[in-house]
Novice: 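Quick one: structure below, then a few questions.
Naming convention: chains lettered A, B, ... in sequence-line order (proteins, then strands); numbering from 1 in each chain.
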Amino acid sequence: MREYNFREIEKKWQTRWVKDKTYQVHEDETRKKFYVLNMFPYPSGAGLHVGHPLGYIASDIYARCKRQQGFNVLNPMGYDSYGLPAEQYAIQTGQHPEKTTIENIDRYRSQLDKIGFSFDWDREVRTCSPEYYKWTQWTFQKMFSSWFSKDVQKALPIEKLVEHFQEKGSAGINAACSEELHFTSDEWNSWDAGKQSDVLMNYRLAFLGETMVNWCPRLGTVLANDEVVEGVSVRGGYPVEQKKMRQWCLRVSAYSQRLLDGLETIQWSDSIKETQKNWIGRSEGTEVEFRIAETNETFTIFTTRADTMFGVTFMVLAPESELVGNVTTAGQKAEVDKYLSYVKSRTERERMIDHTVTGVFSGSHAINPFTGEKIPIWISEYVLAGYGTGAIMAVPAHDSRDYAFARHFGLPVIPLIEGADVSAGSYDAKEGIVCNSPAAGKVSLQYDGESLVLNGLTVREAIAATKEFVERHKIGRVKVNYRLRDAIFSRQRYWGEPFPVYYKNGIATMIPEECLPVELPKVDNFLPTESGEPPLGNAQVWAWDEAGRKIVDKSMIDEKTVFPIELYTMPGFAGSSAYYLRYMDPHNDKALLSEQAAEYWQNVDLYVGGSEHATGHLIYSRFWNKFLFDIGISKKEEPFQKLINQGMIQGRSNFVYRIKDTNTFVSYGLKDQYDTTPIHVDVNIVRNDILDTEAFKAWRPEYETAEFILEDGKYVCGWAIEKMSKSMFNVVNPDTIVDRYGADTLRLYEMFLGPVEQSKPWDTNGIDGCHRFLKKLWQAFWDKDGNLRLTDDTPTAENMKSLHKLIKKVTADIETFSYNTSISAFMVATAELTGQKCYSRHVWDKVIALIAPFAPHIAEELWHAMGNETSVCDAPWPAYDEKYLKESNVRLGVQFNGKVRFDMEFPADATPQEMTSMALAAPEAARYLEEMQVVKTIAIPGRIVNIVVKPARS
RNA sequence: GCGCCUGUGGUGGAAUUGGUAGACACGCCAGACUUAGGAUCUGGUGCCGUGAGGCGUGUAAGUUCGAGUCUUAUCAGGCGUACCA
């Protein structure tokens with residue numbers, strides 16, 4: 001007997017792999033590449049728990065398998081190392097974030113190293129290292145000097161736009177922009193540098209914009225939409241308010257259509273694609289111009305229900321709309337002002353939760369371009385300034401929000417669909433036959449002798465007809481709107497990438513490329529300055545001269561030739577948006593990556609990570625990559641070809657039950673007989689829900705004198721599924737598991753827990769099964785004296801069948817990530833082969849090659865024990881042969897009327913006709929045929945024999 | 001409200017994609033071995049029934065010779081999103 005000493009084995013091979021550089025990868029034109037990537041972690045102070053490595057293990061298995069199948073596999077790892085927690089910690093303790101970040105990284109690394117991943121650590125990246133963020137800054141500068149042409153749907157150099165402005169002004173430019181501008185070339189040429197810069201900001205892909213931002217006073221910074229949930233910050237849960245600020249923004253919205261179209265070309269889960277589609281929010285509609293009766297000015301609204309033009313009974317403006325001032329009449333001014341200050345007093349959170357109807361009449365009226373009727377213009381917070389034009393036409397009969405508003409303020413409701421009952425609520429469905437358009441006795445205004453009549457059409461037809469009419473008579477235009485907003489790219493924080501920007505006479509100017517990176521300066525105070533500047537204002541090294549040289553002394557800023565630098569930093573998603581490209585060529589200091597590396601690695605073939613990034617990182621990355629694709633850096637339009645979303649691992653908490661006002665604890669099964677309080681107990685002193693009472697007494701001083709009421713001599717704990725967190729004492733550290741069972745057992749068990757994509761609770765209870773399996777596998781190799789038991793025997797047909805069944809199953813499972821069933825298959829195959837007393841090395845070397853991706857350490861040990869010199873990482877992936885799987889006889893169920901009645905043996909190659917007659921002739925069939933008549937027979941070789949009978953006619 | 005996903009033993013989960021439901025593992029029960037252990041091995045384990053047999057994949061219909069799988073309705077849970085006109 002030789003013991004399975006996993007500690008020794010795992011340590012031995014982990015050391016050897018490092019020494020032999022087993023996982024180092026190089027571009028190799030002779031082999032096909034395969035790029036496997038995990039979402040890199042933010043190294044938090046809490047370290048890894050067993051949930052974190054789940055995705056890494058799954059992708060590592062896949063990567064190792066691909067390598068054995070002959071691919072040149074890139075499987076890198078790094079750290080998303082800028083972020084708020086390190087900064088918050090720094091504010092509290094004065095520890096520099098760089099110090100804590102590096103400590104956390106080292107801790108992560110040592111935890112990861114124990115699990116036996118095949119990462120190429122020579123390619124590690126850290127978003128906070130200057131060599132890395134140089135290229136984040138570089139990309140930002142490229143975005144700054146680009147604009148987006150809607151005609152070619154592509155980013156182009158800003159110089160081209162400037163040339164156009166010089167020659168033709170804004171005419172003929174169809175660009176993504178903040179607002180539509182119209183000017184001539186003469187106007188452009190007459191403007192000074194400041195004005196020209198302002199105008200160009202309207203077009204740049206990275207631009208300064210006055211925007212409403214999510215301002216979090218507690219954090220002292222701006223947050224992106226995906227960093228705010230239900231009006232509070234994701235990090236910390238602090239209230240968030242709306243505030244207008246001048247911010248760096250990325251024109252993500254320019255790429256809306258491409259981001260939408262790209263989804264069709266990638267293999268992501270439907271739910272993530274759907275989430276992104278909703279986030280992009282394409283909606284096809286119509287813009288219609290309305291004239292204000294009092295002032296004769298016009299304004300534009302956006303609607304998807306152009307068919308309801310004849311049911312408009314009022315207009316509504318968003319309170320923030322610039323039109324509000326124009327339409328408010330003197331008589332209504334007091335009322336309107338009162339309402340506006342009310343709206344301003346409401347926080348974003350209140351507005352989100354509380355949907356009570358509020359609003360105020362502006363005093364003005366609009367003219368419906370189809371009926372000529374005067375309709376009142378109202379102001380209400382239910383209309384959002386940021387979507388469409390910030391103004392709507394209200395059709396209370398067919399929109400529930402307009403309906404609620406109309407009922408509240410007593411405004412008329414005109415139904416436009418036959419049979420629609422609007423006495424209790426609006427009829428929102430886009431179905432039915434249009435009527436009242438125009439209503440009997442009313443007219444539809446004429447345009448060029450034509451008038452619009454929709455009566456009798458379906459809603460669909462009416463929308464199309466109205467669009468066409470509006471377009472042709474220039475009452476408005478067909479318009480596609482997207483919900484996707486531009487990303488706000490400034491943060492008022494310290495621990496992030498500094499902007500490579502300085503302000504020359506107030507004009508934002510890029511620091512020359514050769515001066516990059518602009519390094520993050522050391523500061524000793526991470527809070528905003530006394531004058532309210534962001535934390536970077538505390539730095540003393542911040543200024544640049546006209547030639548782009550760094551000036552060390554900030555006091556020189558007032559002199560004419562020295563200019564202040566941008567004090568904002570970039571948000572978390574800046575560094576994580578293109579890290580997958582940097583892994584391809586991580587040490588390149590001349591370019592983000594070389595042309596050759598980009599051509600070879602192309603894009604990520606398999607990306608593994610959590611679905612919580614669906615509307616954040618996974619959108620920004622796609623945007624960022626599309627931009628880099630446009631400027632020729634990235635070679636594929638989509639960064640991540642296939643995406644697997646690993647599920648979350650929840651915690652499984654254990655409880656003890658204390659009898660009220662005592663220090664006595666009662667076992668789970670008896671707790672109902674007492675008045676008890678459940679108390680979380682550390683899951684690490686509980687095994688299979690049985691409490692280690694001695695460990696419990698030692699756990700905390702107050703339990704030292706604890707007494708227990710046991711059942712069957714044991715203390716049984718209760719349990720619940722909760723989030724894995726320190727406060728619930730349910731955090732399981734992978735180190736503990738590795739120490740007790742070994743990395744191979746941990747890897748196997750994490751996969752055995754269930755499908756990778758499913759969320760599931762961690763339950764250490766089942767782990768013995770996987771450990772037992774590895775022991776059995778180990779024992780299969782050694783005789784009772786501890787010598788290798790394998791022989792050169794030719795395997796039997798039975799051996800080959802067990803082996804090839806396994807190869808087939810595992811090979812198929814690898815591609816579908818069904819690793820839990822693969823492990824079952826290993827268990828079955830090992831049991832079968834040992835049961836067959838099969839010790840042929842021709843069988844076992846294939847078994848080891850198959851299991852190597854799952855349990856690399858034990859596989860490597862056994863692989864070498866069998867006399868192999870090279871690493872099992874390069875063991876060829878076995879191919880299976882169907883011929884071994886064929887059986888001479890097959891046992892099939894014989895059904896009568898769809899119900900299986902008995903089993904019988906059939907020759908494997910029997911035809912359906914033969915199978916049927918054999919089944920009918922079987923003695924067991926007789927009782928089902930008594931007084932019954934065969935109506936029909938269905939026989940499928942290898943599957944089933946079914947005989948349909950019905951009572952014979954008398 | 002809208003969108004997406006999931007409902008199978010005491011538990012985690014299988015089911016060759018429409019063909020003998022419950023593989024594999026945990027747990028539990030019984031037994032073996034043993035200077036009691038949280039070790040190992042063997043057998044059993046969906047539910048009801050002594051039994052033959054019957055019932056069983058959230059619920060209810062439907063298609064089919066045959067449905068966990070397809071269709072419709074409905075209930076429950078989860079995730080995302082939210083006054084997007």
Novice: Provide the distance between the two P atoms, one in B:rG66 and one in B:rG53, to the nearest whole Å.
Specialist: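 B:rG66 and B:rG53 have their P atoms separated by 22 Å.
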
Novice: Identify the two heavy atoms, one from A:R652 and one from A:V683, that lie closest to each other, and give their separation to 0.1 Å.
Specialist: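 Taking every non-hydrogen atom into account, O-CG1, 3.2 Å.
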
Novice: With respect to the side chain of A:R901, which nucleotide from B:rG54, B:rC4, B:rG19 is positioned closest?
Specialist: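 Within the option list, the nearest is B:rG54.
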
Novice: For A:I280 and B:rG80, give me the distance from atom CD1 to atom P, rounded to whole Å.
Specialist: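 Going from CD1 in A:I280 over to P in B:rG80 covers 19 Å.
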
Novice: Return the value, rounded to whole Å, for the distance between atom CG of A:L618 and atom P of B:rG80.
Specialist: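 About 14 Å, once rounded to whole Å.
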
Novice: What closest approach, in Å, do A:A366 and A:M315 show between heavy atoms, and which atom pair accounts for it?
Specialist: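 Looks like CB-CG, 3.8 Å.
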
Novice: Find the distance A:W378:CH2 to B:rA85:C1' and express it as a whole number of Å.
Specialist: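 Going from CH2 in A:W378 over to C1' in B:rA85 covers 18 Å.
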
Novice: Rounded to whole angstroms, how far apart are CE on A:M915 and P on B:rG19?
Specialist: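 To the nearest whole Å, that distance equals 15 Å.
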
Novice: On a plain distance test, is the side chain of A:E612 in donor-acceptor contact with the base of B:rG80 below 3.5 Å?
Specialist: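 No, no donor-acceptor pair under 3.5 Å.
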
Novice: Who are the salt bridge (Lys or Arg N to Asp or Glu O under 4.0 Å) partners of A:E381, not counting sequence neighbours?
Specialist: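 Once residues adjacent in sequence are excluded, the partners of A:E381 under the salt bridge (Lys or Arg N to Asp or Glu O under 4.0 Å) criterion are A:R346, A:R351.
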
Novice: Can you figure out which of B:rC26, B:rA85, B:rG3 approaches the side chain of A:D399 most closely?
Specialist: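 Of the options given, the side chain of A:D399 lies nearest B:rA85.
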
Novice: State whether A:W778 and A:R2 meet the cation-pi test: NZ (Lys) or CZ (Arg) under 6.0 Å from the six-membered ring centroid, and within 45° of the perpendicular axis.
Specialist: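 Not satisfied by the 6.0 Å and 45° rule.
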
Novice: When the C1' atoms of B:rG9 and B:rC83 are considered, how many whole Å apart are they?
Specialist: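 Here B:rG9 and B:rC83 have their C1' atoms 47 Å from each other.
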
Novice: Look at all strands and tell whether A:E274 reaches a base, only sugar-phosphate, or nothing, counting heavy atoms closer than 4.0 Å.
Specialist: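 If one applies the 4.0 Å heavy-atom cut-off, A:E274 turns out to touch the sugar-phosphate alone, with no base involved.
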
Novice: What's A:K776 touching, base or sugar-phosphate or nothing? Going by heavy atoms closer than 4.0 Å.
Specialist: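 Since only primed, P, OP1 and OP2 atoms lie under 4.0 Å of A:K776, the category is sugar-phosphate.
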
Novice: Please compare A:Y749 and A:K775 by the position of their nearest nucleotide in RNA chain B and report the one closer to 5'.
Specialist: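 The 5'-side residue here is A:Y749.
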
Novice: For atom P, what is the distance between B:rA85 and B:rU69, given to the nearest Å?
Specialist: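 Comparing P positions in B:rA85 and B:rU69 gives a spacing of 36 Å.
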
Novice: Which nucleotides of nucleotides 11-17 of chain B have their base under 4.0 Å from a protein heavy atom (B), which only their sugar-phosphate (S), and which neither (-), written as one string 5' to 3'?
Specialist: -BSS--S

Novice: Nearest-Å distance, CZ (A:F826) to P (B:rA25)?
Specialist: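 Rounding to the nearest Å, CZ of A:F826 and P of B:rA25 are 15 Å apart.
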
Novice: Nearest-nucleotide wise, let me know which of A:V828 and A:V948 is further upstream toward the 5' end of RNA chain B.
Specialist: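 Looking at RNA chain B, the more 5' nearest nucleotide goes with A:V828.
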
Novice: Minimum heavy-atom separation for A:S426 to A:P396, with atom names?
Specialist: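 Closest pair (atom of A:S426, atom of A:P396, distance): CB-O, 3.4 Å.
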
Novice: May I have the step-by-step check of salt bridge (Lys or Arg N to Asp or Glu O under 4.0 Å) for A:E832 and A:K801, ending in yes or no?
Specialist: CA-CA 10 Å; A:E832 279 178 7; A:K801 190 180 159 194; over 6 Å; no

Novice: Under 4.0 Å from any atom of RNA chain B, heavy atoms only: list the residues of residues 385-397 of chain A that qualify, in numerical order.
Specialist: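 Nucleic-acid contacts, sorted: A:Y387, A:I392.
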
Novice: From C-beta outward on A:W279, which listed nucleotide comes closest to its side chain: B:rC83, B:rU81, B:rC65?
Specialist: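 That would be B:rU81.
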
Novice: In whole Å, what is the span from the CZ atom of A:R772 to the P atom of B:rA25?
Specialist: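 These atoms are roughly 10 Å apart.
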
Novice: Need the glycosidic conformation of B:rU81: syn if within 90° of 0, anti if not. Which one?
Specialist: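 Classified anti.
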
Novice: When rounded to the nearest Å, what value does the distance between P atoms of B:rG43 and B:rA25 take?
Specialist: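 The same atom, P, in both gives a distance of 12 Å.
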
Novice: When you measure from the centre of the six-membered ring of A:W268, is the NZ or CZ of A:R622 under 6.0 Å away and within 45° of the axis?
Specialist: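 A:R622 over A:W268 ring: yes.
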
Novice: B:rG53: syn or anti, with syn meaning chi within 90° of zero?
Specialist: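 Anti for B:rG53; the angle lies over 90° from 0.
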
Novice: Expressed in whole Å, how much space separates the C1' atoms belonging to B:rG22 and B:rG7?
Specialist: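 Roughly 16 Å separates the two C1' atoms.
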
Novice: Using the C1' atom on both, measure B:rC4 against B:rA82 and round to a whole Å.
Specialist: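 These two C1' atoms come out 15 Å apart once rounded.
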
Novice: Could you tell me the separation between the CD1 atom of A:I947 and the CE atom of A:M915, rounded to the nearest 0.5 Å?
Specialist: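 One gets 10.0 Å once the value is rounded to the nearest 0.5 Å.
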
Novice: Nearest-Å distance, CG (A:D270) to C1' (B:rU6)?
Specialist: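 Rounded to the whole Å, the gap is 14 Å.
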
Novice: Determine, step by step, whether A:H771 and A:Y749 satisfy the ring-ring contact (aromatic ring centres under 6.0 Å, His included) criterion, reporting the C-alpha distance in whole Å, the side-chain angles of both residues, the deciding distance to 0.1 Å, and the verdict.
Specialist: CA-CA 8 Å; A:H771 191 62; A:Y749 187 57; over 10 Å; no

Novice: With sequence neighbours left out, what residues match A:K277 under side chain to side chain contact (heavy atoms under 4.5 Å, CB included)?
Specialist: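 Partners of A:K277 under the side chain to side chain contact (heavy atoms under 4.5 Å, CB included) test: A:L260, A:L263, A:E264, A:E274.
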
Novice: Provide the distance between the two P atoms, one in B:rA14 and one in B:rU6, to the nearest whole Å.
Specialist: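 So the two P atoms sit 12 Å from each other.
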
Novice: Can you tell me which stems RNA chain B forms when a stem means 3 or more consecutive Watson-Crick or G-U pairs under 3.5 Å?
Specialist: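 Stem segments, range with range: B:1-7 with B:75-81, B:10-12 with B:24-26, B:27-32 with B:40-45, B:46-48 with B:53-55, B:58-62 with B:70-74.
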
Novice: With sugar-phosphate meaning primed atoms plus P, OP1 and OP2, does A:V383 contact a base, only sugar-phosphate, or nothing at under 4.0 Å between heavy atoms?
Specialist: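 If one applies the 4.0 Å heavy-atom cut-off, A:V383 turns out to touch a base.
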
Novice: Step by step, would you call A:K775 with A:E3 a salt bridge (Lys or Arg N to Asp or Glu O under 4.0 Å)?
Specialist: CA-CA 8 Å; A:K775 276 202 243 178; A:E3 201 195 336; over 6 Å; no

Novice: Taking A:G835's backbone N and O only, do any of them form a donor-acceptor pair with A:K837's side chain (distance below 3.5 Å, no angle check)?
Specialist: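 No, A:K837 side chain to A:G835 backbone: no donor-acceptor pair under 3.5 Å.
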
Novice: Report the C-alpha distance between A:Y403 and A:F405 in whole Å, list the side-chain angles of each, state the deciding distance to 0.1 Å, and finish with yes or no for ring-ring contact (aromatic ring centres under 6.0 Å, His included).
Specialist: CA-CA 5 Å; A:Y403 187 88; A:F405 194 85; over 10 Å; no

Novice: B:rA23 C1' sits how many Å from A:D813 CG, rounded?
Specialist: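 Roughly 12 Å, once rounded to whole Å.
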
Novice: Determine the contact category for A:N946: base if any of its heavy atoms lies under 4.0 Å from a base atom, sugar-phosphate if only primed atoms, P, OP1 or OP2 are that close, otherwise nothing.
Specialist: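 It contacts base atoms.
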
Novice: In whole Å, what separates the P atom of B:rU81 from that of B:rG18?
Specialist: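 These two P atoms come out 34 Å apart once rounded.
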
Novice: Please enumerate all residues that pass side chain to side chain donor-acceptor pair (under 3.5 Å) together with A:T300, with sequence neighbours excluded.
Specialist: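 Once residues adjacent in sequence are excluded, A:T300 has no partner under the side chain to side chain donor-acceptor pair (under 3.5 Å) criterion.
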
